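Let me begin by presenting the structure, written as structure tokens, before commenting on it.
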Amino acid sequence: MKELYKILLVDDEEEVRKSIIKKINWEEEGFLVVGDAENGVEALEKIENLNPDLVFTDIRMPYMDGLELINEINIRYPLIKSIIFSGFDDFDYAKEAIKMGVIEYVLKPVSAVELTEILRKVHKSMDEELDKKRDIERLRRGYQASIPILREQFLNGIIHGSISASEIDYAMSEYDINLNNADRYIVAAVHIDDMDSSIVDKELIPISVKVNLLENLKYKLQAEVFSMYSETSIVILTGLPEKMSKNYIMSILTEAIRDVNRAIGVNLTIGLGISVKDITDLHRSYTLAKEALGYRGIVGSGEVIYIKDMEPVKSDKLKLEDIEAKEYINILKFGSDESIAEYVEKIASKLKESKVHSSQYQSYMINVINIIINLVQDYGLELSVLTKTATDYIDLLDKIKDTGGFREWLLEASINIAHKIREDRAFTSKKVLEEAKAYIEENFADMELSLEKLCKHLHVSVARFSTNFKRDMGISYVNFLTNVRLQKAVELLKTTDEKTYIIAEMVGYADQNYFSYVFKKKYGVSPSKYRQQG
């Protein structure tokens, strides 16, 4: 069964529209005519409700021609495709239409046979585009199946202690794990200290580090290097012969850090756990390797940190004081963007300069995040207002894995919520709405009275005002202004002998024809007939 694509026909001649609709067996060709319109203005109104896939439009129309309509569609509804049909064999029109992404330019008059051929071509093109979109998921699954995912799942399972001894014996052989005849086992956790390199693109850094470590270690240690699924980190799992010392392992890992820096241009810190005799105890070594990484704020980056060398270690205290929290809240509520940026920099500097275990960094950042969450809840907002990359609390907590990413997130989130607080403050008062209505009543005759002009007068956001106005009034700003103007026009038609074009200007319409069109659309008759009927 063919995919049915929805079409909206736009032409200022009703007979032309009817003729086109009758000419074609639309459903047989895979299309459904969901509506028609006599000009661009009406078409845009219908697009919002009908959601067509394709707009078939004439060029020459009153109020808004076909090219203007397509330009608006491209801005507001970029997924909708357009076909131009016109009786004007004009190269400039065709050239402009092609520039705007029109998929077909059809000359009138067009026969049913020609139109059918065009529609089949368009349908085939739209089917191909749709198939490509649907294939993305299939390609993604195929790609995932093509990589040695089971091997890494197994290695992840070992260090998390979730695989039984019997399963380990089978998988070690099945997946060719390089840990045969080891007397002991040890885990090293690798942290990439920075994600900026002049040598390798940012998105390629993790895989480049992993490949480099594999090459560096394969002739020196009996090691497996793999990525963690639950965390954006790399793990080195090593099988040790009986007489290999801890100092030897650390020297090899230190050389590997230097080689990665030379080859890729990034710094690594490696946390080393304790060695264990039983492979099923590797989760203990992994947990302590991560704990060792937590001391990089004290020891410094670019080092191998052995957990037994670090406990107990005294460090500074990192705490968000009550006065700091109150100051931050105050700045979010009433500060400028500049003052917010300065305060975020102050928080980031405090994190950077403190020499503490990572658990203290995380505790500090959680406290900062909670301040923002509480403000979001106080103002009845969604978490998505904070940032495009975090939509729930778990996403936010993911930001505390490194202080660099946290600083970027905090600046974006702080600015966003401050803007929302300002907007909400402006719109909680009914004064804004009343002032808007009063301004419209006083200035309806102004032909330049746009939504932007009104919002500039009110000193409010266009998008926010438009949403709140429609919510509170039950009608959009444009429709409200149109109603005010038409009510004033009716009063003038009843109480004066002024000509229609004069009345049109008096109520804010520069074009008498458009005034008549809007008037007739609301009252069913032209202004002249309305006056005659009393």
Side-chain angles (χ1 to χ4, degrees), residues 6 8 10 34-35 37-52 55 63-64 68-69 71-80 376-386 388 391 416-491 507-511 514-515 517-524:
K6 295 185 288 185
L8 177 69
V10 189
V34 292
E38 62 181 304
N39 57 58
V41 175
E42 186 179 359
L44 284 175
E45 292 176 359
K46 291 195 172 184
I47 285 172
E48 187 171 353
N49 296 320
L50 298 175
N51 297 315
V55 171
Y63 313 130
M64 180 185 286
E68 290 173 324
L69 170 61
N71 187 53
E72 284 298 314
I73 289 172
N74 288 344
I75 293 170
R76 301 190 200 179
Y77 313 99
L79 296 180
I80 295 178
V376 166
Q377 292 174 343
D378 288 346
Y379 283 87
L381 304 173
E382 298 292 331
L383 282 179
S384 56
V385 306
L386 299 179
K388 295 174 184 176
T391 56
N416 286 351
I417 193 169
H419 287 181
K420 289 294 182 184
I421 289 171
R422 290 174 208 164
E423 290 174 13
D424 278 8
R425 188 182 300 120
F427 285 94
T428 49
S429 171
K430 291 184 179 179
K431 182 180 176 183
V432 174
L433 183 60
E434 295 305 320
E435 186 178 350
K437 288 158 62 180
Y439 187 84
I440 294 169
E441 288 287 345
E442 292 171 9
N443 297 277
F444 66 88
D446 180 0
M447 296 175 188
E448 303 297 325
L449 183 54
S450 64
L451 179 59
E452 289 75 12
K453 185 173 183 178
L454 173 61
C455 289
K456 187 175 180 181
H457 169 76
L458 297 172
H459 304 292
V460 294
S461 151
V462 172
R464 192 70 174 168
F465 174 83
S466 179
T467 300
N468 286 352
F469 188 95
K470 190 168 185 178
R471 181 193 66 204
D472 295 337
M473 298 295 296
I475 187 173
S476 71
Y477 161 79
V478 172
N479 288 337
F480 181 86
L481 176 60
T482 299
N483 286 345
V484 170
R485 284 173 165 170
L486 293 181
Q487 287 168 9
K488 300 296 181 184
V490 166
E491 292 174 17
V507 297
Y509 290 97
D511 186 333
Y514 186 64
F515 165 65
Y517 166 78
V518 174
F519 191 99
K520 186 175 181 180
K521 190 172 181 181
K522 181 171 178 64
Y523 295 106

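Every value quoted in this text rests on a predicted model; they were computed, and no experiment measured them. Keep in mind that the numbers below use all heavy atoms, side chains included, and drop hydrogens, waters and symmetry copies.
Under the 30°/60° scheme for interplanar angles, the aromatic rings of Phe469 and Tyr477 are found to stand perpendicular.
One distance of note links CD of Glu491 with CD of Gln487; it measures 7.5 Å at 0.5 Å rounding. Between the CG atom of Asn71 and the CZ atom of Arg76 there is a distance of 10.5 Å, given to the nearest 0.5 Å. Rounding to the nearest 0.5 Å gives a distance of 4.5 Å between CZ of Phe480 and CE of Met473. Between Asp472 atom CG and Thr467 atom OG1 the span is 10.5 Å, to the nearest 0.5 Å.
Residues Val460 and Phe465 approach most closely at CG2-CB, 3.9 Å, considering heavy atoms. Considering all non-hydrogen atoms of both residues, Cys455 and Ser461 come closest at SG-O, 4.2 Å.
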Let me have the donor-acceptor pairs involving side chains of residues 37-49, under 3.5 Å, with sequence neighbours excluded, atom names and distances please.
residue	atom	partner	partner atom	Å
Asn39	OD1	Val41	N	3.0
Asn39	OD1	Glu42	N	2.8
Glu42	OE1	Glu38	N	3.3
Glu45	OE1	Lys521	NZ	2.8
Lys46	NZ	Asp36	O	2.7

Give every donor-acceptor pair under 3.5 Å between a side-chain atom in residues 432-449 and any protein atom, sequence neighbours left out.
residue	atom	partner	partner atom	Å
Asn443	ND2	Tyr439	O	2.8
Asp446	OD1	Glu448	N	2.9
Asp446	OD2	Lys453	NZ	2.5

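Residues Asn483 and Ile475 are in side-chain contact: their nearest non-hydrogen atoms beyond the backbone lie under 4.5 Å apart. Considering only heavy atoms from C-beta on, Thr482 stays 4.5 Å or farther from Phe519 through its side chain. Within the 4.5 Å cutoff, no side-chain heavy atoms of Tyr77 are placed close to those of Val55.
Surrounding NZ of Lys488 are more than 12 heavy atoms belonging to other residues, nucleotides or ligands, all under 6.0 Å away.
Listed for the Lys6 side chain is a donor-acceptor partner under 3.5 Å among the backbone atoms of Leu50.
Take Asn479 and apply the side chain to side chain donor-acceptor pair (under 3.5 Å) test, not counting sequence neighbours, and it matches Ser476. The side-chain contact (heavy atoms from CB on, under 4.5 Å) search around Asn74 returns Ile70, Met100, not counting sequence neighbours. Checked against side chain to side chain donor-acceptor pair (under 3.5 Å), His419 has the following partners two or more places apart in sequence or in another chain: Asp337.
Applying the salt bridge (charged side-chain N to carboxylate O under 4.0 Å, His left out) test to pairs two or more places apart or on separate chains, none has a residue in residues 474-483.
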